[in-house]
Amino acid sequence: MHIVMRLAVAVAMLGFTGQGEIHGKTIKGSVKTEKGKALAGVQVSDGRNFTVTDAKGNFAMDSEIPLGYLFVVTPNGYEPVTYLQSRPKFWESAKPEEKVDFCLKKIDNERPLGIIAIADPQISNRCGDVDRLKNMYLPEVNRAIDSLRNKGTEPIVMTLGDVVCDYFVARGYGYTLDKFNEDFKVNAPLYHTMGNHDNDPFKSGDINGASTWHDINGPSYYSFNRGGVHFLVLDNIVSVNAGAAPGVPGNRSTHTALTKEQLDWAAKDLAFLKDKNTPVVVTMHAPFLTYPVGEGEKIKDTYRFKSGGPELGELLKDFPNVRVFSGHAHKNHYSVTPEGNIREYNYAGANGGWWPASLEPHKANLPVCGDGSPWGIGIWDFAEKEPTHVFKAFDEPLDFQIRAYDLNRIFVNDKEITTAYLPGTDVNKNVVLANVWAYEPGCTVKMFENGKELDVRRVRAMDPYLVSRYTEPIKAEYGLLHKGFKPESTAHMFRAQASASDTPVTIEFTDRTGRKFTTTLIRK
């Protein structure tokens, strides 16, 4: 049977997820407020199936507790009473036939939602990582939280995977998930998404590899409701890690996929959303949609991973307002499905250009990613009917959204890196190139030379700043061009031909909500 059909069957069976008739090993419990008020109709899951609480706030479910825990899908207007550092504790370790009680407290549901998305912190005890987390990443996130609150929103923070790095954990650097949670104390509720580098390097297999995450961070996939938005947090990394044993790291092999068990669970979760106009935010680590392309190029496939990607798209097809947040690529890729109902924001790494870390000797992170984006975070404000979004670069003002280049003055004399900026070529004469990393379909980019609008084309190109400032020198220093550090030809680059070599050119970026960001390139 095709997997989509199986998912449809799973959805059809949802009528039996309430109290129903219980067989075999039963787990029971309740969901109540801190004042003892029963909360009816609240979903509880073991990561495979769901049940819902009755009028007295009680639930019962036939379950072997396959993942070792039970979690509550917090309804709008509530959150768990218990926090672990900044994280709402919506789960409990459990065994079959135990009793598990959840205690929720009422929160202000009138203030609109704010979201700060942070991809790939990937902290280890090397090259100043922990200092950057404490002195750059964390203060930036907390300033964003304060800014959103001051505008009347109530923010949450969502990581998008790879909060630590199994590569360095396996080599004895010792910075683990629990240490990250101790150091990353944000002033808002924090929800984690699991990434490939968050697996335990000393355990093989997907569930076993995630067991350390489960012990510290709870479920690796789950859902919750907040601010009128339904959040679906998924784990689209399957860990194999052959050869792992206690004290012995495996080969750290993973692949991108959504397992049948997780898809079946997601189908059941989404079936509870009776109002299909409910905004849905899906988080996952690896990118969901195929990377954007330049003008005149065609995207062959909608989904970047084939095992579970199309099936998830099918589950989401009836929801007109879906946003996907992801990381993993260490670059900004903002895409939309052909139907227009799903927009993905694949965020550049908060740790910037991380790949020199694998060189010997290790090199500190770079403040620029493989597409020329700065390191930073995504900030969402749901106060308006059309939520606003901005990618905020660390240590830069909020309006820093464009980096522009006069290609008359850009030269890269290394064909292994790129032939696009070789000296002596006429193809770049009087050309202005702009990197607009927050561009997504529906935005516009214009350029003006002395007030006259130029013809602008969206192209795929390597970022000259990254290549000249970092790639060339690092290659010279280490004598090689590391495959993970080769700059990407990214499609958020815009090119225009100026009429002269010394005229100023103004670049104007207008986002989907009409906000304008401008910069003027002085060419002399």
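Note that the numbering runs from 1 along the sequence shown for the chain. All figures in this text were calculated on a predicted structure; none of them were measured in a lab.
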Colleague: Side chains of E449 and S499: do they bring a donor and an acceptor to under 3.5 Å?
Modeller: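 Yes.
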
Colleague: Looking at every non-hydrogen atom in both residues, tell me the closest pair between P320 and N277 and how far apart they are.
Modeller: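 Smallest heavy-atom distance, with atoms named: CG-OD1, 3.3 Å.
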
Colleague: Examine distances only and state if a side-chain atom of N408 and a backbone atom of N430 form a donor-acceptor pair shorter than 3.5 Å.
Modeller: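 A pair under 3.5 Å: yes.
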
Colleague: Just checking, R403 and Y465: is the charged tip under 6.0 Å from the six-membered ring centre and within 45° of the axis?
Modeller: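 Yes, R403 and Y465 form such a contact.
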
Colleague: Can you name the closest pair of heavy atoms from P292 and A491 and give their distance?
Modeller: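 Result for this residue pair: O-CB, 3.6 Å.
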
Colleague: Could R512 and E386 be called an ion pair, given the rule that one side-chain N must be under 4.0 Å from one carboxylate O?
Modeller: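 Between E386 and R512 there is a salt bridge, with a charged N closer than 4.0 Å to a carboxylate O.
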
Colleague: Hey, mind stepping through Y334 and H389 against side chain to side chain contact (heavy atoms under 4.5 Å, CB included) and telling me if it holds?
Modeller: CA-CA 12 Å; Y334 301 167; H389 165 257; 3.6 Å; yes

Colleague: Where the side chain of T471 meets the backbone of L466, is there a donor-acceptor pair that is under 3.5 Å apart?
Modeller: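 At least one qualifying donor-acceptor pair exists.
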
Colleague: Surrounding NZ of K446 (heavy atoms of other residues, nucleotides or ligands, distance under 6.0 Å), is the total greater than 12?
Modeller: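 Open.
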
Colleague: Working note: Y78 + N225, criterion side-chain hydrogen bond (donor to acceptor under 3.5 Å, both in side chains); need CA distance, chi angles, decisive distance, verdict.
Modeller: CA-CA 9 Å; Y78 291 89; N225 300 282; over 6 Å; no

Colleague: When you compare the side chains of N346 and S326, does any donor N or O come within less than 3.5 Å of an acceptor on the partner?
Modeller: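 A pair is found: one side chain offers a donor N or O, the other an acceptor, under 3.5 Å apart.
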
Colleague: Rounded to the nearest 0.5 Å, what separates atom OG in S373 from atom NE2 in H333?
Modeller: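 It is 8.0 Å, given to the nearest 0.5 Å.
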
Colleague: Does some side-chain heavy atom of V368 sit less than 4.5 Å from a side-chain heavy atom of R469?
Modeller: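 No; the side chains remain at least 4.5 Å from each other.
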
Colleague: Do F394 and I377 have side chains that get closer than 4.5 Å, going by heavy atoms?
Modeller: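 The answer is yes, as the side chains (C-beta and beyond) meet within the 4.5 Å cut-off.
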
Colleague: Quick one: does R132's side chain have a donor or acceptor within less than 3.5 Å of a partner on C127's backbone?
Modeller: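 Yes.
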
Colleague: Output yes when a side-chain donor or acceptor of N135 lies under 3.5 Å from a complementary backbone atom of D131, and no otherwise.
Modeller: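 Side chain of N135 to backbone of D131: a pair is present.
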
Colleague: Measure from NZ or CZ of R515 to the centre of the six-membered ring of F517 and say whether it is under 6.0 Å with the direction within 45° of the ring axis.
Modeller: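 No - R515 does not lie over the ring of F517 by the 6.0 Å and 45° rule.
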
Colleague: Going through the checks in order, is the side chain to side chain contact (heavy atoms under 4.5 Å, CB included) test met by V459 and E295?
Modeller: CA-CA 6 Å; V459 298; E295 289 179 20; over 6 Å; no

Colleague: Within the structure provided, determine whether F168 and N125 are in side-chain contact (heavy-atom separation under 4.5 Å).
Modeller: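 They are not in contact (no side-chain heavy atoms under 4.5 Å apart), so the answer is no.
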
Colleague: Could you grab the distance from atom CG of L160 to atom CE of M284, nearest 0.5 Å is fine?
Modeller: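 Reported to 0.5 Å precision, the distance equals 10.5 Å.
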
Colleague: What I want to check is whether the side chains of R523 and T503 have a donor and an acceptor closer together than 3.5 Å.
Modeller: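 Yes, a side-chain donor-acceptor pair sits under 3.5 Å.
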
Colleague: Any side-chain heavy atom of D198 within less than 4.5 Å of one from V164?
Modeller: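 A side-chain contact exists here, since the closest heavy-atom pair is under 4.5 Å.
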
Colleague: Any luck finding a side-chain donor-acceptor pair between N332 and H492 under 3.5 Å?
Modeller: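 H492 and N332 do not have a side-chain donor-acceptor pair below 3.5 Å.
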
Colleague: For S223 and D269, which I'm curious about, is there any donor-acceptor pair between the side chains at under 3.5 Å?
Modeller: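 S223 vs D269: donor-acceptor pair found between side chains.
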
Colleague: Are R126 and D129 close enough for a salt bridge, meaning some N to O gap below 4.0 Å?
Modeller: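 Yes.
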
Colleague: Can you name the closest pair of heavy atoms from N236 and A286 and give their distance?
Modeller: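 Scanning both residues, the minimum pair turns out to be ND2-O, 2.9 Å.
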
Colleague: State the CG-CD1 distance between N435 and I402, to the nearest 0.5 angstrom.
Modeller: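 Spacing of CG (N435) from CD1 (I402) equals 10.0 Å.
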
Colleague: Can you check whether M462's main-chain N or O pairs, donor with acceptor, with Y421's side chain at less than 3.5 Å?
Modeller: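 Confirmed, Y421 side chain pairs with M462 backbone.
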
Colleague: Determine whether the aromatic ring centres of H230 and F319 lie less than 6.0 Å apart.
Modeller: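 Between H230 and F319, the centre distance exceeds or equals 6.0 Å.
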
Colleague: Are Y191 and F224 packed together at the side-chain level, in the sense that at least one heavy-atom pair is separated by less than 4.5 angstrom?
Modeller: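 Yes; the side chains approach each other to less than 4.5 Å.
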
Colleague: Quick check: do V186 and N142 have side-chain heavy atoms less than 4.5 Å from each other?
Modeller: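 The answer is yes; the side chains approach within 4.5 Å.
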
Colleague: Which pair of heavy atoms, one from G352 and one from H330, lies closest together, and at what distance?
Modeller: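 Distance-wise, the nearest heavy atoms are O-ND1, 3.7 Å.
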
Colleague: Does CZ in R457 sit with more than 12 non-hydrogen atoms of other residues, nucleotides or ligands closer than 6.0 Å?
Modeller: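 Result for CZ/R457: open.
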
Colleague: Run the side chain to side chain contact (heavy atoms under 4.5 Å, CB included) check on L234 and Q262 step by step: do they pass?
Modeller: CA-CA 8 Å; L234 300 176; Q262 194 172 169; 3.4 Å; yes

Colleague: Does T513 use its side chain to pair, donor to acceptor, with the backbone of T388 at less than 3.5 Å?
Modeller: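 No; zero donor-acceptor contacts below 3.5 Å.
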
Colleague: Out of F71, F231, W91, which one pairs with Y222 under the side-chain contact (heavy atoms from CB on, under 4.5 Å) rule?
Modeller: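 That would be F71.
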
Colleague: Could you pull out the closest heavy-atom pair between T444 and Y439, with the gap in Å?
Modeller: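 Closest approach of T444 to Y439: N-CE1, 4.3 Å.
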
Colleague: Just wondering, do M194 and N199 contact through their side chains at under 4.5 Å, heavy atoms?
Modeller: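 Yes - at least one pair of side-chain heavy atoms lies under 4.5 Å apart.
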
Colleague: Within the distance-only criterion (no hydrogens, no angle test), does the side chain of D371 pair as donor or acceptor with the backbone N or O of K331 below 3.5 angstrom?
Modeller: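 No; zero donor-acceptor contacts below 3.5 Å.
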
Colleague: Under 3.5 Å, side chain of D162 to main-chain N/O of N196, donor-acceptor pair present?
Modeller: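 Yes.
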
Colleague: Is it true that the side chains of K516 and T510 contain a donor and an acceptor less than 3.5 Å apart?
Modeller: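 Yes, side-chain donor-acceptor contact under 3.5 Å.
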
Colleague: Report yes if the side chains of Q401 and D399 come closer than 4.5 Å at any heavy-atom pair, otherwise no.
Modeller: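 No; the side chains remain at least 4.5 Å from each other.
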
Colleague: Just by distance, with hydrogens left out, do S239 and T254 show a side-chain donor and acceptor under 3.5 Å apart?
Modeller: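 No, no side-chain donor-acceptor contact under 3.5 Å.
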
Colleague: Report yes or no: does T153 contribute a side-chain atom to a donor-acceptor pair with the main-chain N or O of D381 at less than 3.5 Å?
Modeller: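 No, because the side chain of T153 does not come within donor-acceptor range (under 3.5 Å) of the backbone of D381.
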
Colleague: Considering non-hydrogen atoms only, spot the tightest contact between M493 and P464 and give its length.
Modeller: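 The answer is CE-CD, 4.2 Å.
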
Colleague: How many angstroms lie between atom CG of L138 and atom CD1 of I118, to the nearest 0.5 angstrom?
Modeller: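 Between L138 CG and I118 CD1, I get 9.0 Å after rounding to 0.5 Å.
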
Colleague: Aromatic ring centroids of F494 and F509 under 6.0 Å?
Modeller: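 Aromatic pair excluded; centres sit 6.0 Å or further apart.
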
Colleague: Is E182 salt-bridged to K179, cutoff N-O under 4.0 Å?
Modeller: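 Salt bridge: no.
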
Colleague: Please indicate whether K276 has more than 12 foreign heavy atoms, meaning atoms of other residues, nucleotides or ligands, lying under 6.0 Å from its NZ.
Modeller: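 Atom NZ in K276 is crowded, with more than 12 foreign heavy atoms closer than 6.0 Å.
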
Colleague: I'd like to know if E154 and R226 make a salt bridge, using a cut-off of under 4.0 Å between side-chain N and carboxylate O.
Modeller: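 Judged by the 4.0 Å cut-off on N to carboxylate O distance, E154 and R226 do not form a salt bridge.
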
Colleague: Tell me, with the steps shown, if D178 and Q85 meet side chain to side chain contact (heavy atoms under 4.5 Å, CB included).
Modeller: CA-CA 10 Å; D178 54 337; Q85 290 95 18; over 6 Å; no

Colleague: Taking atom types as modelled and ignoring hydrogens, do the side chains of T193 and H285 form a donor-acceptor contact shorter than 3.5 angstrom?
Modeller: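 H285 and T193 do not have a side-chain donor-acceptor pair below 3.5 Å.
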
Colleague: Check whether Q497 reaches the backbone of D455 with its side chain - one donor and one acceptor, N or O, closer than 3.5 Å.
Modeller: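 No.
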
Colleague: Would Y347 and D120 count as having a side-chain donor-acceptor pair, cut-off 3.5 Å?
Modeller: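 Result is no, nothing qualifies.
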
